[in-house]
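To start, the structure itself, in structure tokens.
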Amino acid sequence: VTANPTSTTTYTITGTDVNGCTSSTQVTVTVNPLPVVTVSSATICSGQSTTLTANGANTYSWSPATALSATTGSSVTANPTSTITYTVTGTDNNGCTSTGQGTVTVTTVVMTVSPNTAICNGLPTTLTASGATTYLWSPSASLSSSTGSSVSANPTSTTTYTVIGTTNGCTASAQVTVTVNGIVLAVSPNTAICNGQSTVLTVSGATTYSWSPSSSLSSSTGSTITANP
């Protein structure tokens, strides 16, 4: 016969021969409980490693072997590049086996920030970051805020900003440059004339020009005009 009891059981066997004589004996099938295998889980940042520990058995076998320092033993080091669940088969001293699972959750932060842009001196622009949960911007002197996914930048000179994004304690950074185009005008000369005379005024430093007041000028535009105030 085949015995498959769920708990320890003693069976009695009675035998009868051809003369009708009987005798009996007993046999016990001891049912050993299966081990209860527990496996730790962890959350790490991309590129980090963690130690996973199994308990409840005598020997252990880990699978898959991906990013593990070993496939046997109660403790292993895991360094996966993405979230993965490991299964551990534990065997006790009675040869009974059971399995447990542990998950390593990998948090990857991929930061983007935009736009690289050019502004005129004194005109602000909006910078936007994405890819994380919280953000920290620097340098903060010319920004509307040092935190948040969107900030207003108004630098007086070309500035490269760094934004650090954080998700689940994991960080990454990105940079964006705001180029400031400044105009420095030079006009000459400051001069003195007699009433009724005129003088030539010249300006440089830009592409187009607009003069005011224009009532005593030969033109209200251009780099060179004649003034007769």
Side-chain angles (χ1 to χ4, degrees), residues 4-8 29-117 126-140 143-153 159-178:
N4 185 24
T6 58
S7 60
T8 298
V29 177
T30 301
V31 178
N32 294 311
L34 296 178
V36 179
V37 177
T38 60
V39 185
S40 61
S41 293
T43 298
I44 63 172
C45 302
S46 180
Q48 293 181 339
S49 61
T50 188
T51 298
L52 299 179
T53 302
N55 290 286
N58 188 41
T59 62
Y60 305 90
S61 177
W62 299 72
S63 67
T66 306
L68 292 180
S69 60
T71 57
T72 60
S74 59
S75 292
V76 298
T77 300
N79 184 27
T81 56
S82 59
T83 297
I84 188 170
T85 297
Y86 294 101
T87 298
V88 180
T89 301
T91 304
D92 65 12
N93 290 328
N94 297 311
C96 299
T97 63
S98 184
T99 61
Q101 290 185 323
T103 299
V104 178
T105 302
V106 180
T107 299
T108 302
V109 181
V110 179
M111 284 289 300
T112 59
V113 60
S114 62
N116 287 306
T117 189
T126 298
L127 304 177
T128 301
S130 61
T133 304
T134 62
Y135 305 89
L136 180 65
W137 298 76
S138 65
S140 60
L143 297 177
S144 59
S145 174
S146 62
T147 60
S149 59
S150 291
V151 297
S152 178
T159 302
T160 296
Y161 297 98
T162 299
V163 56
I164 299 174
T166 303
T167 300
N168 294 333
C170 303
T171 62
S173 64
Q175 290 185 322
V176 62
T177 298
V178 177

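We number each residue from 1, following the sequence as shown.
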(message) For residues 63-83, which residue pairs pass the side chain to side chain donor-acceptor pair (under 3.5 Å) check, not counting sequence neighbours?
(response) T53-S75
(request) Among residues two or more places apart or on two chains, list those pairs meeting side chain to side chain donor-acceptor pair (under 3.5 Å) that have a residue in residues 130-140. (result) T112-S130, T133-T167
(message) When you measure from the side chain of N94 to the backbone of N32, do you find a donor-acceptor pair of N or O atoms at a distance under 3.5 Å?
(response) no
Shortest non-hydrogen contact from [X] to [Y]?
X	Y	result
P64	I84	CG-CD1, 3.9 Å
A57	P35	CB-CB, 4.3 Å
T162	S173	CG2-CB, 4.3 Å
M111	A172	CG-O, 3.6 Å
G102	S41	CA-OG, 3.6 Å
V151	S145	CG1-O, 3.4 Å

So do the side chains of [X] and [Y] get within less than 4.5 Å of each other, counting heavy atoms only?
X	Y	answer
V29	T8	no
V104	T50	yes
W62	V39	yes
T89	Y60	no
T159	Y161	yes

Just checking, is any N or O donor in the side chain of [X] or [Y] under 3.5 Å from an acceptor N or O on the other one?
X	Y	result
Q175	T160	no
N93	N58	yes
T103	T85	yes

(request) Let me know which of S152, S114, P115, S144 forms a side-chain contact (heavy atoms from CB on, under 4.5 Å) with L127. (result) P115
(request) Verify side-chain contact (heavy atoms from CB on, under 4.5 Å) between T99 and V88, making sure each step is shown before the conclusion. (result) CA-CA 5 Å; T99 61; V88 180; over 6 Å; no
(request) First locate atom CG of L34, then atom SG of C96, and finally report the distance between them rounded to the nearest 0.5 Å. (result) 6.0 Å
